[in-house]
Amino acid sequence: MNIGVFASGRGSNFQAILNAIQQGTVPARVTLLLSNKSDAGAMELARARLIPTVHLSQKQFPDEATFAAAMLDVLKKHDVRLIALAGYLKKIPSAVVGEYRNRILNIHPALLPSFGGAGMYGHAVHEAVIASGAKFSGATVHLVDEEYDRGLILFQKTVPVEASDTAETLAARVLKVEHEIYPLVLKAFAENRVTIHERSVWIH
Ligand code: GRF
């Protein structure tokens, strides 16, 4: 299965995916790393591994329609069958969501549907979890639709929130779990073990 990874930042989830592929756990190939930032850490990682990189940003286009068309072009050129967002901070144009319905995944550093939505990224998520008094947080892998963090939840794993936690310590605990569950879900997709029906998922 050909995966296109989209990332805006350092790329530790991207790295975890690459490691799982290299170890033979996930029967897939990353054929594209797309970023809205030419200097993202994830871009460096991809270049070092000789994975094709594309810098694509809405700013390069006059409107969403031409941006979406360019994105679809790139995806086609690299024969991408599944898109994995890994710290990609921009919205996916709806034409791309439509074309890749149920084939765009994201990882979120909290237990959705709580602590998600616009602006809920980075430390803001963990600060909100701590402020809420929640005893558990975790990571969520979900499908991407037209709204931020609203798509069908595919897989979650919890971690405890400790009384002494800061956003940093909680983020680190959640990140470990992210690196564990994202490859697991990608493995299930690559092995054709995921059945999606309306708002239900069955991983078998
Ligand atoms: C992760 O916490 C992920 O859940 C969120 O963005 C962060 C990306 O981190 N969507 P990295 O770039 O994969 O290290």
Side-chain angles (χ1 to χ4, degrees), residues 3-22 25-26 28 30 32-49 51 53-57 82-92 96-97 100 104-130 134 136-161 165-187 189:
I3 303 176
V5 176
F6 287 20
S8 305
R10 72 192 151 182
S12 72
N13 276 285
F14 174 45
Q15 176 85 67
I17 293 166
L18 292 176
N19 291 347
I21 290 173
Q22 198 171 19
T25 317
V26 177
V30 175
L32 167 72
L33 186 278
L34 183 147
S35 184
N36 58 307
K37 290 195 166 173
S38 55
D39 60 351
M43 288 287 258
E44 295 300 323
L45 277 172
R47 287 186 199 112
R49 299 241 195 165
I51 292 167
T53 59
V54 171
H55 171 224
L56 204 70
S57 157
L82 186 87
I83 300 172
L85 308 186
Y88 183 68
L89 295 177
K90 299 289 176 186
K91 211 167 205 160
I92 303 296
V96 177
V97 174
Y100 279 80
I104 310 179
L105 273 52
N106 182 41
I107 183 131
H108 185 77
L111 297 174
L112 291 175
S114 298
F115 309 110
M120 272 296 189
Y121 62 89
H123 278 180
V125 179
H126 306 291
E127 273 155 17
V129 170
I130 291 168
F136 292 93
S137 188
T140 303
V141 178
H142 63 96
L143 289 177
V144 171
D145 66 10
E146 286 78 359
E147 291 301 320
Y148 277 120
D149 301 330
R150 188 194 61 179
L152 182 68
I153 292 170
L154 300 173
F155 202 90
Q156 293 184 304
K157 185 165 177 175
T158 59
V159 302
V161 178
D165 266 336
T166 61
E168 285 76 18
T169 58
L170 181 56
R173 194 173 308 121
V174 171
L175 193 64
K176 252 191 169 166
V177 163
E178 293 183 39
H179 296 163
E180 188 188 317
I181 70 170
Y182 212 177
L184 261 185
V185 176
L186 290 170
K187 176 177 167 64
F189 269 88

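All residue numbers refer to positions in the sequence shown, counting from 1. Atoms within each ligand, like the ligands themselves, are counted from 1 in listed order.
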*asked:* Less than 4.0 Å is my threshold; does some heavy atom of Gly11 fall inside it relative to ligand 1?
replied: yes
*Can you tell me which residue and heavy atom of the protein come closest to atom 6 (O) of ligand 1, and the distance to 0.1 Å?*
Gly87 CA, 3.5 Å
*So which protein heavy atom does atom 1 (C) of ligand 1 come closest to, and at what separation?*
Glu178 OE1, 3.1 Å
*Report the nearest protein non-hydrogen atom to atom 9 (O) of ligand 1: residue, atom name, distance rounded to 0.1 Å.*
Arg10 NH2, 3.4 Å
*May I ask you to check whether Ser137 and His126 show a side-chain donor-acceptor distance below 3.5 Å?*
no
*How long is the span from the CZ atom in Arg10 to the CD atom in Gln15, to the nearest 0.5 Å?*
11.5 Å
*Tell me, yes or no, whether the heavy-atom count around Tyr148 atom OH, taken from other residues, nucleotides or ligands under 6.0 Å, exceeds 12.*
yes
*Within a radius of less than 6.0 Å around NZ of Lys91, do more than 12 heavy atoms belonging to other residues, nucleotides or ligands occur?*
yes
*Decide whether an N or O pair under 3.5 Å exists between Ile107 and ligand 1.*
yes
_Any N or O of Asn106 closer than 3.5 Å to N or O of ligand 1_ = no
*Below 4.5 Å, heavy atoms only, C-beta onward: do Leu175 and Ser12 meet side chain to side chain?*
yes
_Is it the case that atom NZ in Lys187 sees more than 12 heavy atoms from other parts of the structure closer than 6.0 Å?_
yes
*Of all the atoms in ligand 1, which lie at a distance below 4.0 Å from a heavy atom belonging to Ser12?*
11 (P), 12 (O), 13 (O), 14 (O)
